[in-house]
Amino acid sequence: MIDITKAHPLAGRRRFLAGLAGLASAPLLAGRGSAAPGAEPELVEARLAAGPARVQLVPSQYPATDVWAYNGQIPGPVLRLRQGDRLRVQVHNALAEGTTVHWHGVRVPNAMDGVPVITQPSIAPDGIFVYEFEPPDAGTFFYHPHQKSYEQVARGLAGALIIEERDPPKVDRDVLWVLGDWRLNRDASVRGGFGSFMDVSHNGRVGNTVTINGRVPEEFRVRAGERIRLRLVNAAVARIVGLEFAGHRPVIIALDGQPVEPHEPDGGVVVLGPAMRADLIVDMTDNPGTRHVVRDGFYQRLAYELIRIAYSDEPPLRSRPDEPVRLPPNPLAEPEVKKAERHEVVFTGGMMGNMRSLPRGMAWAVNGVANGCGDGASAFDPLFVLRKGRSYVLNLVNDTAWHHPIHLHGHSFRVLSRNGAATAHREWLDTVLLAPRERAEIAFVADNPGDWMFHCHVLGHQAFGMMACIRVT
Ligand code: C2O
Ligand code: CU
């Protein structure tokens, strides 16, 4: 437990994120303006309580759903602050089992990383833990438990954390879509069977109901000529999405919170594995009164219409789009690729893999070792010990028949190549999606000391062996 009574230099300027309820429940849009005016950094305080709740996920002719939620809301409240602000979140565990909160993609000090046993004791039922850190990077991030997350996230625990640029690009609306994926029964209750071996040895627990900001969406209302910054967060435990915006040409300006050279996605499809984020600029270039479909076709046989874009009849806001938006860079250390020390990381296992050689109950392995967290967490030896301040290149090899979004805590990394070919944008990510049999080289400076989890974000894969720890010392 950290000492919250110690005065912080920012303690003079404090802001409590009150009325969080209003922010998250505004369907499909979390407006700007939660940050107080003025340029001074602030201490931003919030409270999260993780506990059971009952919410309406599906259309109202169906019953409500018993979930686990932060502050009774699906998704959890939007935590919004500006780069340079400090965040202090008091987390109360109102569940009947231990939990933690992990700030996915945020380069926090190790003690704030929210990994049970490794970085903190798990928060016991009715216990409290205070997280406090200053997020170094502006961007779109999210938070979720790191204990039994294949069940706790699948029951609803996740929320967005938005760090605004000090000088945000000019757009007409800043819109957040937190994508959730649920496996529901006919009565809209959450189906059990978390961590079933069938799921964890295949694609993971892909659900049957996709929500945007906690509701099965119908329409996204826009005005012709509008420029929207669309922040997408894939908060699913297993589902990968491939979004196509018919009639529109979204431009990606950030991935996993980190600015990227603005570009249209390959084939016009925005692909996001679990835990991945993208910031898009979408110019509403069609005519008033028109309608378009946003479709998710990632799993060909499970393609579906996610939401419909509905233009109002109002006249266009502008006749042609403004100049393209480019985000200012975040303060990331540039890896020295030529001098970097190189390591290979091979992911194995899964159905049609070598599962039989693994310890009982395990389905996946990293360099031949299966570390899981099925019933909680335990400490384990690091895969690599890296020297603080040195550059590293990891050659990730997916030697399986399945997709894996591989996430490193505490750092962002550049993706240098895929299957030997240089990437077009050398994007910074914290979670890289590997297709079956794909290889990717990632590079980063190991500049954040501590023991950092390095795992697949299909949370059933993580829990059943696809997890390692990288020590920076
Ligand atoms: Cu999003 Cu190890 O976590
Ligand atoms: Cu995986």
Side-chain angles (χ1 to χ4, degrees), residues 75-76 99-108 110 112-120 140-150 152-154 157-161 178-179 195 199-206 233-240 256-257 272-277 345-353 355 358 362-366 370-373 377 380 383 396-412 429-438 440 450-470:
T99 194
T100 61
V101 178
H102 169 60
W103 311 93
H104 184 112
V106 184
R107 299 184 294 133
V108 296
N110 194 249
M112 296 292 109
D113 200 41
V115 178
V117 181
I118 312 273
T119 71
Q120 67 167 97
T140 304
F141 301 93
F142 85 120
Y143 59 92
H144 64 80
H146 219 281
Q147 179 152 343
K148 261 177 99 181
S149 45
Y150 65 95
Q152 293 191 2
V153 176
L157 290 169
L161 168 60
V178 178
L179 304 174
D199 285 337
V200 305
S201 61
H202 291 76
N203 266 334
R205 183 181 160 101
V206 175
V233 178
N234 183 350
V237 292
R239 179 185 288 275
I240 303 166
D256 287 358
L272 291 179
M276 296 168 68
R277 291 91 63 214
V345 186
V346 184
F347 301 93
T348 53
M351 203 47 78
M352 297 173 284
M355 282 192 302
L358 295 173
M362 288 291 157
W364 306 93
V366 183
N371 292 301
C373 54
F380 47 83
L383 175 68
L396 311 183
V397 181
N398 177 5
D399 195 13
T400 80
W402 306 91
H403 283 86
H404 304 287
I406 302 296
H407 172 47
L408 174 62
H409 286 211
H411 300 78
S412 290
L429 301 179
D430 56 59
T431 306
V432 58
L433 182 62
L434 300 179
R437 311 291 167 196
E438 191 178 27
D451 280 0
W452 301 105
M453 294 299 104
F454 180 54
H455 64 86
C456 179
H457 223 285
V458 171
L459 297 173
H461 293 179
Q462 174 205 8
F464 292 84
M466 202 175 268
M467 175 156 65
C469 165
I470 288 183

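In what follows, residues are counted from 1 in the order of the sequence shown. Every heavy atom of this structure was used, including side-chain atoms; hydrogens, water molecules and symmetry mates were not. Note that ligands are numbered from 1 as they come in the structure, with each ligand's atoms numbered from 1 the same way.
- Shortest non-hydrogen contact noted between Leu157 and Pro145 is O-CD, 3.3 Å.
- Screening His461, Met355, Met352 against Ser201 for a side-chain contact (heavy atoms from CB on, under 4.5 Å) leaves a single residue, Met355.
- Going from atom CE of Met466 over to atom OG1 of Thr348 covers 7.0 Å, rounded to the nearest 0.5 Å.
- Taking the side-chain hydrogen bond (donor to acceptor under 3.5 Å, both in side chains) definition, one finds that Asp113 meets it with His102, His409, sequence neighbours left out.
- Shown are the protein N/O/S atoms under 2.8 Å from the Cu ion (ligand 2), given by residue and atom: His404 ND1, Cys456 SG, His461 ND1.
- For the pair Asp430 and Leu408, the minimum side-chain heavy-atom distance is 4.5 Å or more.
- For the residue pair Gln152/Thr99, the side-chain donor-acceptor check at 3.5 Å is satisfied.
- Ordered by chain and number, His146 NE2, His409 NE2, His455 NE2 make up the set of protein N, O or S atoms under 2.8 Å of atom 2 (Cu) of ligand 1.
- A search for side-chain hydrogen bond (donor to acceptor under 3.5 Å, both in side chains) contacts involving Asp451 returns Arg471, not counting sequence neighbours.
- A donor-acceptor pair shorter than 3.5 Å can be found between the side chains of His104 and Thr431.
- The side-chain heavy atoms of Pro436 and His403, taken from C-beta on, include a pair separated by under 4.5 Å.
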